[in-house]
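Before any comments, here is the structure.
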Amino acid sequence: MKKRILFVCLGNICRSPAAEAILLYKLKELKLLDQFEVDSAGTGNWHVGKMADSRMREAALNRGINIKSRARQISLDDFKNFDLILTMDNANLEHVKSLSKDLDPRFKAKIKPLLEYAIDKDIIEVPDPYYGGDNGFDLVLDLLDVSIDELIRDIKVD
Ligand code: 4NP
């Protein structure tokens with residue numbers, strides 16, 4: 001059975017598409033791609049259908065990572081179609097939890113902040129880079145990179 005992982009942020013144009021692309025990149029390097037299904041979504045719908053933010057795509061490309069996904073909004077089906085939903089910040093976490101509160105727990109993805117996998121336990125949220133300066137995108141990529149390494153380690157042991 002494939003392990004199915006969904007990353008969630010607010011707009012699905014900065015943090016979660018970058019997380020999706022980084023995990024896909026690392027799984028490909030490890031030749032584990034066929035064992036996973038990876039996707040991303042936003043809690044909001046403003047950017048549905050759009051490519052990721054050009055600043056995020058450029059920062060990722062500088063690291064050899066190509067973000068190809070188009071934005072979509074999370075749906076109730078996602079809770080049964082994925083095993084693990086990983087959120088970027090506390091607002092995403094609360095939003096995702098509240099969307100799923102009436103669903104049958106037997107058919108529900110586990111919901112966690114991605115940075116539970118981070119090594120630095122003082123940082124619990126991936127900051128929203130959308131209205132910040134350009135270096136915000138590199139900070140996001142650094143946080144994603146380290147925590148996704150730990151995520152892979154954890155999932156491989158499961
Ligand atoms: P993301 O960043 O949640 O990482 O995709 C954002 C993108 C767009 C907006 C907010 C955050 N926005 O307000 O349009």
Side-chain angles (χ1 to χ4, degrees), residues 3-28 36-101 103 108-152 154-155:
K3 291 169 183 138
R4 303 165 304 171
I5 298 175
L6 180 71
F7 295 101
V8 174
C9 61
L10 175 60
N12 194 213
I13 55 166
C14 296
R15 294 165 292 174
S16 63
E20 175 190 353
I22 290 171
L23 179 55
L24 288 171
Y25 178 93
K26 290 177 184 289
L27 291 173
K28 191 172 177 195
F36 287 82
E37 192 179 312
V38 182
D39 198 3
S40 65
T43 55
N45 66 358
W46 314 282
H47 302 285
V48 168
K50 286 198 207 147
M51 296 290 291
D53 187 295
S54 57
R55 295 165 297 173
M56 182 51 93
R57 279 190 283 137
E58 190 181 326
L61 260 188
N62 285 338
R63 300 173 184 221
I65 292 164
N66 194 356
I67 304 178
K68 297 181 192 159
S69 59
R70 291 204 176 252
R72 72 173 181 88
Q73 189 174 28
I74 190 168
S75 76
L76 291 182
D77 281 344
D78 288 322
F79 294 93
K80 66 171 194 286
N81 292 339
F82 290 90
D83 305 306
L84 185 57
I85 296 181
L86 295 169
T87 55
M88 297 294 145
D89 64 28
N90 291 336
N92 316 145
L93 182 64
E94 291 315 314
H95 194 138
V96 168
K97 279 186 181 166
S98 77
L99 281 176
S100 74
K101 70 182 187 316
L103 300 177
K108 215 162 82 172
K110 253 196 227 167
I111 303 164
K112 285 191 201 180
L114 172 64
L115 293 193
E116 264 193 23
Y117 293 98
I119 291 170
D120 182 348
K121 298 294 178 206
D122 292 339
I123 307 176
I124 55 168
E125 301 185 281
V126 181
D128 181 347
Y130 191 65
Y131 293 111
D134 282 348
N135 61 355
F137 293 86
D138 269 309
L139 170 66
V140 167
L141 291 169
D142 288 342
L143 288 170
L144 296 178
D145 188 53
V146 176
S147 49
I148 289 172
D149 279 341
E150 291 306 309
L151 168 69
I152 292 172
D154 187 70
I155 289 172

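Note that ligands are numbered from 1 as they come in the structure, with each ligand's atoms numbered from 1 the same way.
With contacts defined as side-chain heavy-atom distances shorter than 4.5 Å, the pair I148/Y117 does not qualify. Put simply, the side chain of K3 does not reach to within 4.5 Å of the side chain of L84, judged on heavy atoms.
No more than 12 heavy atoms of other residues, nucleotides or ligands sit less than 6.0 Å from atom NZ of K28. Annotation for E116: atom CD counts as buried by contact number, over 12 foreign heavy atoms lying within 6.0 Å.
Electrostatic pairing of D138 and R55 does not count as a salt bridge here, judged by no charged N lying under 4.0 Å from a carboxylate O.
For the pair R57 and F137, the cation does not sit on the ring face, since its NZ or CZ is not both under 6.0 Å from the ring centre and inside 45° of the axis.
Listed as neighbours of ligand 1 are C9, L10, G11, N12, I13, C14, R15, H47, D128, Y130, Y131, each bearing a heavy atom under 4.0 Å from the ligand.
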